Amino acid sequence: MAQRRLDEFSISVTKTQEPKAEAPPFTESLEKERKQQGFPPAVLENLPPSYFVSATYDGKAGKVLIKLYEPVSGRIYFWYDNTGHKPYCYTNLSPYDLEKIDRLMKHPGFDHFEIEEKFDPLLEKSVKVTKIVAKDPLAIGGRPKGCIRDIIPEDFTKVATIPLSAESIKVWESKIKYYQSYIYDHGLLPGMVYEVKNGDLVPKRLEEAEKMIQKIVGTFKEADAEELQYIEQWAMLLEYPAPKFRYVALDIEVYSPIPTRMPDPREAAYPIVCVSLYGSDMQKRVLLLKREGVREGSERLPADVQIEYFDSEERLIRAVFEVLWNYPFVVTFNGDDFDLRYLAHRAENHGFKRDEIPIEIGKRVCLLKYGVHIDLYKFFFNRSIQIYAFNNRYRDVTLGDVGRALVGLDKIMLEKGIGELTYTELAKYCLRDAEITYKLTSFEDELVLKLILALSRISSMPMEDVSRQGVSRWIRNFMHREHRRKNMLIPNAEDILALKGKTTTKAIIKGKKYKGAIVVEPVPGVHFYVAVMDFPSLYPSIIKVWNLGYQSILCGHTECQTNLVPDTPHWVCRKKRALESLLIGSLRDLRVQWYKPKSKDKALPPEVRSWYNIIQGALKVILNASYGVFGAETFDLYCPPVAEATAAIGRHAITQIIKRAEELGIQVLYGDTDSVFLKNPSKEQIRELEEWTERELKMGLDVDKVYRYAVFSSRKKNYLGVLEDGSVDVKGLTGKKRHIPIFIKNAFDKMKERLATVKSPADFEAAKKDIIQTIRECYMRLKRREWDSLNELAFNVVLGEEPERYTKTTPQHVKAARILKESGMELKAGDLISFVKVVNDPHVKPVELATKNEIDVDKYVAYLHSTFDQVLDALGLDFDEIIGLTKLERFM
DNA sequence: GCGGACTGCTTACCT
DNA sequence: ACAGGTAAGCAGTCCGCG
């Protein structure tokens, strides 16, 4: 019932009668109109419910600027700070001392001092600090020299009346982006709904969402008051509805005299010959530059595509800019480094005035003066997004691969260079790229934008930042937000490290900082009925249950020193909850107890399920990284003993489970980090194990899945399991690695399909025969050189670095890359190298350059051998025997 | 000069 | 710029070998 009301309500607030603010075709009158209206868009005294989508510091105005997206009109409105908030940092020097620092007092950006009482989480007590308030953010930090944050420790040691070490002079919070600091101080929530009333920015309260939040909070019966507070806070961020977005996908094509070379966007030396725009209002436009000697082309484009020819490039660019002044969201694939950068520089080359260019060029990003630019390349490149949000469905971060994997749409292959295409060929090619970019944004009900919105809410970051930065920044920012909310000083990384930096365990891998998880030696063979039990989000659970955080680990109380982390000398505070423990713990609880199950609940309307699915995905990404960040030097709250303690407790937990399972008479076949694979356990045994874990470890242990049967070799992280429904899990086997030749992969997949049909031990005999057949066939085809194309034999390996930067060794793919480079190919880190193994000297060759006869067939047979060995061992088969038989046959 | 044992580098994977 | 653990293949080194 409540669910339904939520839905109705979201309609009345955000349902945008399909925003109809159409992208107007280029007209000079429209541009005039815009100028008359004035830019930025009129700051209204009153604005209907709108989404906080972006924030920045406007240097000209000297104020924070917040961009609000109003979904009914589909427009962006600007709101400028009217509270007089100013940038600042803290120090432990008194104003009296600070006044002695000449360079500070005379600094043009210095404003005034204030004295504040803050809680110092490392000293575990309240302290008086001086707030140094500045006129502009760059005065605090950001300029290479002469910033307030550097001046203080540099100069005070000289003027101090008593000798002081530089380390004892502290400056805090000087590296926080000003608009973030503003967001935290005003308790603003990016991604949420606001109104402007009499010029003030005020949160919009949505009754139905609020009711839902209370309902959710009510289901957490075991949480204490402090935990409930956090659960409620998160639930608010996650329950408020998302808008329908109005956006346009943009892609440009540039003429290049050398077809294989990408034109440099910083020089923008060549003309932009085509721009495609694909809008959420279903506008599809292709803007083409008229050039001499280019033919029309015979193909036709779909009727709903609007083709526009331009005599001058300048007018074409103006038409594109009109669109960039119009849409609230502009989506590109690599627009930061190419499309927008090129457009902006090309416009400069044409003599456009600065305020005619709607693009703000940064070092690594390109933002829009009006709307929000989302660069999907940056977003999909994010490893956490790739793995956890999209389950590794795409492997290369290219428009073609991501498009193929997520929306079933590939790039158009070109046989010629851009300069040699006819107008229609060029239009088609360019439009397809914009179409893929558009569909990557629109698919599954605008999943990508909604995911970014959800992450923006969780992390308190503008959508642009959240889509470009990594998970450690998201986590850092919500932790910073909570420090400010609780009036805690945000500690400096070096202070945390100096006080709590030591690790004590020894990593198995050379060069790592501490010991990680346990992997159980598998029991080789085929096992029927295998139940996999695991701890749902083990590490976040540990952080919650054990109260882990930089404050609580190795705390100052002697009474807590007996609360030891197993396998380490570290102790954990018993008196006060750590922020991280509360934040991560409450997020975990919400995902496990509410969003994950509800996203699959058929009783809920599909829109709610789909939103919940996005939320649980966003939470998954964050939770999966929430332990790792403590062990990452680049994380602002880096605290190695917290990471070490988490892993140690994890080892303890799985060890206890294994011990208990064996005591219950269950055979443990395998286990990794947070899971145990149990051979044919009874219902009672499972229940006992669950109950024991809950009671003794205070953590949940669930049956994650049940394999009809599983195949283990003696290798860890290598197995194959067939589920009840016949689907097959393949983990770590060479046959699924992406670098292996398709030729071998196909044979492996054939075996996999055959294994999926095996239901009982008796079925195995027939399956084995078929598998033998498959292998023999593959072997014979190799020996007889019967493959369709050399591509089938190509290994595909990613170049981790520029080819020249391999100095220690020269791996095969680098050899191939260097050969390619000699033949004029441009190669950089991240490129995929396809090569085959050949008989003659360097023993590798890029596929493009190789011929059939030089293939080293024996190398491929050896590879086939090792790929299949991982499974054959367990099935009691022997590769050599399989091959040997065929040799015998040939003999007879 | 060559092969085997060994270490280290690199990539791709697992949780 | 989340962590550590594992597999595999190859490059490079060292050592013994009349």
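As the structure is a prediction and not an experimental result, all values here were calculated from the model. Throughout, protein chains are lettered first and strands after them, A, B, ... in sequence-line order, and every chain is numbered starting at 1.
- Contact annotation: A:S866 side-chain N/O to C:dG9 OP1/OP2 distance is under 4.0 Å.
- The phosphate of B:dG8 (OP1 or OP2) has a side-chain N or O of A:K510 nearer than 4.0 angstrom.
- For the pair A:K845 and A:F835, the cation-pi test (distance below 6.0 Å, angle within 45°) is failed.
- Side chain of A:W234 to backbone of A:I458: no donor-acceptor contact under 3.5 angstrom is found.
- Distances shorter than 4.0 Å separate none of the side-chain N or O atoms of A:R383 from OP1 or OP2 on B:dC13.
- An OP1 or OP2 oxygen of C:dA8 is reached within less than 4.0 angstrom by a side-chain nitrogen or oxygen of A:Q870.
- Atom CZ in A:R738 sits roughly 16 Å away from atom C1' in B:dC14 (whole-Å rounding).
- Residue A:K737 places no side-chain N or O under 4.0 Å from the OP1 or OP2 atom of B:dA12.
- Here A:Y719 reaches the OP1 or OP2 of B:dT15: one of its side-chain N or O atoms lies under 4.0 Å away.
- Side-chain nitrogen and oxygen atoms of A:K515 include none within less than 4.0 Å of the OP1 or OP2 phosphate oxygen of C:dG5.
- Computed from coordinates, the A:K808 NZ to C:dG9 P distance equals 23 Å when rounded to whole Å.
- Which of C:dC2, B:dC14, C:dG9 sits closest to the side chain of A:Y863 comes down to C:dG9.
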